[in-house]
Participant: 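Supplied in structure tokens, the structure appears directly below.
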2 protein chains.
Amino acid sequence: MARAQTLSRNQQIVLDIIQKAKGPLKAYSILFNVQKKGINAPQQIYRALDKLIGMGKIHKIESKNAFVACRSSDCEISKATAFSICESCEMVDEISDTKLSKYLSGFNHKKGMKFKRFNLEFFGICKKCKKD
Amino acid sequence: MARAQTLSRNQQIVLDIIQKAKGPLKAYSILFNVQKKGINAPQQIYRALDKLIGMGKIHKIESKNAFVACRSSDCEISKATAFSICESCEMVDEISDTKLSKYLSGFNHKKGMKFKRFNLEFFGICKKCKKD
DNA sequence: CTCAAATATGTTATATTATAACAAACGTTA
DNA sequence: TAACGTTTGTTATAATATAACATATTTGAG
């Protein structure tokens, strides 16, 4: 059986740094930040990222090729994700809205395709950036 | 003023090949397909892609780093895009659903961010692939 | 018409993101 | 404890995207 709960050493290191970050992190910036911990190669980062995504611990922001920690309990293993992205400061906020999630999970394509998963990215300028 | 309607030579070449394609095309596969027409470098492709996206003629499928022609009249200059993506055959279908589009365009984040644009990607297995 | 500004092109080089392939170590459990 | 799955370490390379600079073409204001 797959080890669903416990994280391996590298997985824990990568998750820690993503959780501590204020915004989305890119794979190579994670790599540079963990080289002191003995992780030397992109593969080690990407492997940990893949597993963490599979566990629903982190999400990939596709439009930015960057990764954020999961802050929501609604996105059951990343099957239904939504994010708000500021185009100015790059801030990413996970949207946890039950109505939205239900609406989209129930949405089905006319052409008969049954969806297993969705990812939604909203873009705009956040409150903080508007003041500047 | 910007030339909103007319396409330049390279833009037309790139748009043509994307429109003729049955599925999403990647930048380098476009490049290889137009080298006979005198386009030699990635820059030329990426520049054309950027402009075409700006005009709303094509869309980028973020989860695949690939490009499709716009088939919809609803996505006014790419401000509101939704796609259905088959995880087996890689087929991408643009979703043009007024209700969905209105629902999402009207959605606003609790934290006071006003959205200018969204992109939604649904994943599943298409009808055709289910039969196999 | 004509010249300046904006847009597009061509080109070389390089940055960034991601995966392939292989060998070794570790953990789990039958 | 042997076998299997998973994780690790490592080197190399593939795939995606942008920087920077020189030149050409188009467009529109005067």
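Scope of the values below: all heavy atoms of this structure, side chains included, with no hydrogens, waters or symmetry mates.
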Participant: Between D:dG9, D:dT10, D:dT18, spot the one nearest the side chain of B:Tyr46, thanks.
Facilitator: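 Of the candidates, D:dT18 comes closest.
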
Participant: Starting at the 5' end of DNA chain C and moving along, which residue's nearest nucleotide shows up first, A:Asp50 or B:Arg9?
Facilitator: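 Nearer the 5' end of the strand: B:Arg9.
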
Participant: Go through D:dT16, D:dT7, D:dG9 for me and flag the one nearest to the A:Arg47 side chain.
Facilitator: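 The closest nucleotide is D:dG9.
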
Participant: Strictly below 4.0 Å, heavy-atom distances to any atom of DNA chain C: list the hits from residues 26-37 of chain A, or just say none.
Facilitator: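 Within residues 26-37 of chain A, the residues near DNA chain C are A:Lys26, A:Tyr28.
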
Participant: For C:dT17 and B:Asn65 - does any side-chain N or O of the residue sit under 4.0 Å from the phosphate oxygens OP1/OP2?
Facilitator: no

Participant: Measure across B:Ala69 and B:Ile18 and return the closest heavy-atom pair with its distance rounded to 0.1 Å.
Facilitator: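 Nearest heavy atoms, B:Ala69 then B:Ile18: N-CG2, 3.3 Å.
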
Participant: Quick one, B:Lys130 with A:Lys114, criterion side chain to side chain contact (heavy atoms under 4.5 Å, CB included). Give me CA distance, side-chain angles, the key distance, then yes/no.
Facilitator: CA-CA 10 Å; B:Lys130 250 178 202 157; A:Lys114 176 122 178 80; 3.7 Å; yes

Participant: Quick test of your reading of the model: are B:Glu121 and B:Lys64 salt-bridged, counting only N-O distances below 4.0 Å?
Facilitator: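 Salt bridge between B:Glu121 and B:Lys64, a charged N being under 4.0 Å from a carboxylate O: no.
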
Participant: Tell me the closest heavy-atom pair linking A:Ser84 and B:Met113, and the distance in Å.
Facilitator: OG-SD, 3.3 Å

Participant: Separation of B:Leu49 atom CG from C:dA8 atom C1', in whole Å?
Facilitator: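 B:Leu49 atom CG is separated from C:dA8 atom C1' by 15 Å.
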
Participant: Is A:Lys60 touching bases, backbone alone, or none of the nucleic acid, heavy atoms closer than 4.0 Å?
Facilitator: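 Touches sugar-phosphate only.
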
Participant: Nearest-Å distance, CD (A:Gln11) to C1' (C:dC26)?
Facilitator: 13 Å

Participant: Any donor-acceptor pair under 3.5 Å linking the side chain of A:Ser105 with the backbone of A:Ser101?
Facilitator: yes

Participant: In whole angstrom, give the distance that lies between atom CD1 of A:Ile45 and atom C1' of D:dT10.
Facilitator: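 Atom-to-atom, A:Ile45 to D:dT10, this comes out as 14 Å.
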
Participant: Quick check: on DNA chain D, is the nucleotide nearest A:Lys51 upstream (toward 5') of the one nearest A:Asn40, or the reverse? Name the residue that is more 5'.
Facilitator: A:Lys51

Participant: Could you report the tightest heavy-atom contact between A:Phe122 and A:Leu120, atom names first, then the distance?
Facilitator: CE1-CD2, 3.5 Å

Participant: Could you check how far CG of A:Leu25 sits from C1' of C:dA18, rounded to whole Å?
Facilitator: 17 Å

Participant: Checking B:Asn40 now: which residues fulfil side chain to side chain contact (heavy atoms under 4.5 Å, CB included) with it, not counting sequence neighbours?
Facilitator: B:Gln44

Participant: Rounding to a whole Å, what distance do you find between B:Asn10:CG and C:dT7:P?
Facilitator: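 Going from CG in B:Asn10 over to P in C:dT7 covers 17 Å.
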
Participant: Can you check whether any acceptor in the base of D:dA19 is under 3.5 Å from a donor in the side chain of B:Gln43, or vice versa?
Facilitator: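 Checked by distance alone, the answer is yes.
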
Participant: Hey, mind stepping through A:Leu49 and A:Ile58 against side chain to side chain contact (heavy atoms under 4.5 Å, CB included) and telling me if it holds?
Facilitator: CA-CA 8 Å; A:Leu49 290 172; A:Ile58 64 171; 3.6 Å; yes

Participant: Return the nearest nucleotide to the side chain of A:Ser8; candidates are C:dT19, D:dT8, C:dT11.
Facilitator: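 Closest of the options to the side chain of A:Ser8: D:dT8.
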
Participant: Which heavy atom of A:Arg71 sits nearest a heavy atom of A:Ala21, and at what distance?
Facilitator: NH2-O, 3.9 Å

Participant: Would you mind reading off the bend of the helix from C:dC1-D:dG30 to C:dA30-D:dT1 from its two end axes, five pairs each, to 10 degrees?
Facilitator: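 The two end axes of the helix from C:dC1-D:dG30 to C:dA30-D:dT1 meet at 40°.
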
Participant: Could you tell me the separation between the CD atom of A:Gln44 and the C1' atom of D:dT7, rounded to a whole number of Å?
Facilitator: 10 Å

